[in-house]
Amino acid sequence: MIVSQKWLAKLSVLAYIGEYGRMIYDVALVTLKKPPAWRLIREQLFNIGVLSLPVVAMTGFSTGLVLAAQSFFQLADKGLAGATGIMVAKAMLTELGPVLTAFMITGRVGAAMCAELGSMQVTEQIDALITMAVTPHRYLIAPRFIAGVIMMPLLTIFSVFMGVFGGYLIAVYFFKMAAFSYFDPLPHYIKNIDFFVGFVKSIVFGIFIVTISCYKGMSTKGGAEGVGRATTNSVVICYTCILFSNFLITLGLNIIQEQINRLFI
């Protein structure tokens with residue numbers, strides 16, 4: 001009996017993964033066949049992007065302050081204080097900018113998506129849409145998916161800018177570094193691959209946040225308690241996927257970059 005329960009648990013996980021993959025396929029299919037109305041996409045662009053600017057700005061700015069302070073304290077006694085700007089920009093571009101932005105969007109947008117769709121599911125509003133010949137994937141998920149994929153890179157760029165700006169303020173006005181010492185080394189050490197890594201991560205994270213939140217919302221059961229449980233689960237799953245995919249993308253892109261460099265050396 002215990003063995004059978006373990007196998008049933010494993011099969012249920014596989015079933016969830018299959019349903020999740022099928023949902024992504026259906027959303028992509030209906031989007032390519034007939035994109036959702038512009039007003040729906042515009043509303044989600046505003047909700048995901050514009051309304052997230054304050055929290056993304058505070059996150060990026062405070063992270064830049066901490067990075068600059070830590071870098072300066074660690075490097076100043078070694079005569080490497082001029083590398084403070086490089087440390088801040090590199091970390092924000094490749095790691096902290098995309099990850100922390102994704103965390104903030106998960107908490108602010110992903111949880112709201114899951115709760116909204118979950119409430120619609122338990123109150124049978126989604127069933128009502130189906131009876132009126134409205135495709136839920138096109139009407140509810142596709143606008144969020146398109147908006148999430150568009151806005152996540154833009155929010156990440158904004159977060160990186162705020163981080164570099166915050167690092168500049170504390171390095172120049174608190175630690176009394178020269179402004180040129182902070183910015184001049186950046187073009188020599190920040191490569192195109194750094195921008196590409198941050199861009200790819202932001203796209204992948206945006207897809208995870210929207211699709212996981214929408215899937216958990218659409219599969220909610222159990223009334224108000226089920227909505228709360230689904231929202232909590234969606235946030236935890238999003239965080240987990242962001243962290244593990246961040247490692248895999250970093251590892252994979254750096255290996256590819258090494259192979260490309262060897263080919264041209």
Side-chain angles (χ1 to χ4, degrees), residues 1-33 36 44 47-48 98-99 101-131 134-149 152 200-252:
M1 181 64 68
I2 296 176
V3 176
S4 62
Q5 290 178 349
K6 289 182 179 179
W7 277 105
L8 287 175
K10 293 180 180 179
L11 290 175
S12 65
V13 172
L14 293 176
Y16 287 138
I17 295 174
E19 292 174 359
Y20 171 69
R22 180 58 188 268
M23 187 202 75
I24 296 176
Y25 173 79
D26 291 340
V27 170
L29 192 63
V30 298
T31 302
L32 293 175
K33 282 186 175 180
Q44 295 303 321
N47 291 334
I48 296 174
V99 172
T101 302
F103 278 5
M104 293 299 104
I105 298 303
T106 299
R108 202 203 75 80
V109 177
M113 283 185 186
C114 183
E116 181 181 356
L117 295 180
S119 299
M120 295 179 68
Q121 178 68 30
V122 298
T123 56
E124 299 181 352
Q125 295 181 50
I126 295 178
D127 294 334
L129 289 175
I130 296 174
T131 60
V134 176
T135 306
H137 287 156
R138 178 182 292 115
Y139 184 76
L140 297 175
I141 303 178
R144 292 171 168 83
F145 180 81
I146 295 171
V149 171
M152 271 301 297
V200 170
K201 286 183 179 181
S202 63
I203 293 288
V204 173
F205 297 163
I207 293 173
F208 275 136
I209 292 168
V210 174
T211 55
I212 291 173
S213 300
C214 290
Y215 170 73
K216 294 300 292 184
M218 297 283 284
S219 59
T220 300
K221 298 177 182 178
E225 182 181 355
V227 173
R229 185 167 53 249
T231 303
T232 302
N233 290 341
S234 71
V235 172
V236 173
I237 294 171
C238 284
Y239 284 165
T240 304
C241 290
I242 288 168
L243 291 173
F244 278 101
S245 63
N246 178 57
F247 165 71
L248 294 176
I249 293 171
T250 299
L251 187 64

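Just so it is clear, the structure is predicted and the values come from calculations on it, not from any experiment.
Around atom OH of Y139, no more than 12 heavy atoms belonging to other residues, nucleotides or ligands sit under 6.0 Å away.
When every heavy atom of M152 is checked against every heavy atom of S202, the shortest pair comes out as CB-O, 3.5 Å. Taking each heavy atom of P143 and R138 in turn, the nearest pair found is CD-O, 3.1 Å. Among all heavy-atom pairs drawn from A142 and T31, the shortest one is CB-OG1, 3.4 Å. Taking every heavy atom of both residues into account, V149 and I203 meet most closely at O-CD1, 3.6 Å. The minimum heavy-atom distance between K201 and N246, with the atom names listed, is NZ-OD1, 2.8 Å. Here the closest heavy-atom approach between residue A230 and residue T220 is recorded as CB-OG1, 3.5 Å.
Inter-residue side-chain proximity for I141 and P136 is flagged as unmet; no heavy-atom pair is nearer than 4.5 Å. A heavy-atom distance below 4.5 Å is found between the side chains of I249 and V200. When side chains are defined from C-beta on, I146 does not count as touching Q44, because their heavy atoms never get closer than 4.5 Å.
In this structure, the side chain of S213 does not engage the main chain of V210 through any donor-acceptor pair within 3.5 Å. Although no hydrogens or angles enter the test, the distance criterion places a donor-acceptor pair under 3.5 Å between the side chain of R144 and the main chain of L140. Side-chain atoms of T131 come within 3.5 Å of backbone N or O of A128 as a donor-acceptor pair.
The distance from atom CZ of R229 to atom NZ of K216, rounded to the nearest 0.5 Å, is 9.0 Å. In this structure, CG on N233 lies 10.5 Å from SG on C238, to the nearest 0.5 angstrom. From M113, atom CE reaches atom CD1 of I105 across 9.0 Å, with rounding to the nearest 0.5 Å. The OG1 atom of T106 sits 8.5 Å away from atom CD1 of I212, with the distance rounded to the nearest 0.5 Å. A distance of 5.5 Å separates CE of M120 from CD1 of I126, quoted to the nearest 0.5 Å. Of the inter-residue distances, the one linking S219 atom OG with Y16 atom OH reads 7.5 Å to the nearest 0.5 angstrom.
Paired with Y239 under the rule ring pair (Phe, Tyr, Trp, His ring centres under 6.0 Å), one option of F205, F208, F103, F244 passes, and it is F103.
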Please report the C-alpha distance between V109 and I209 in whole Å, then the side-chain angles of each, then the deciding distance to 0.1 Å, and finally whether the side-chain contact (heavy atoms from CB on, under 4.5 Å) criterion is met.
CA-CA 9 Å; V109 177; I209 292 168; 5.6 Å; no

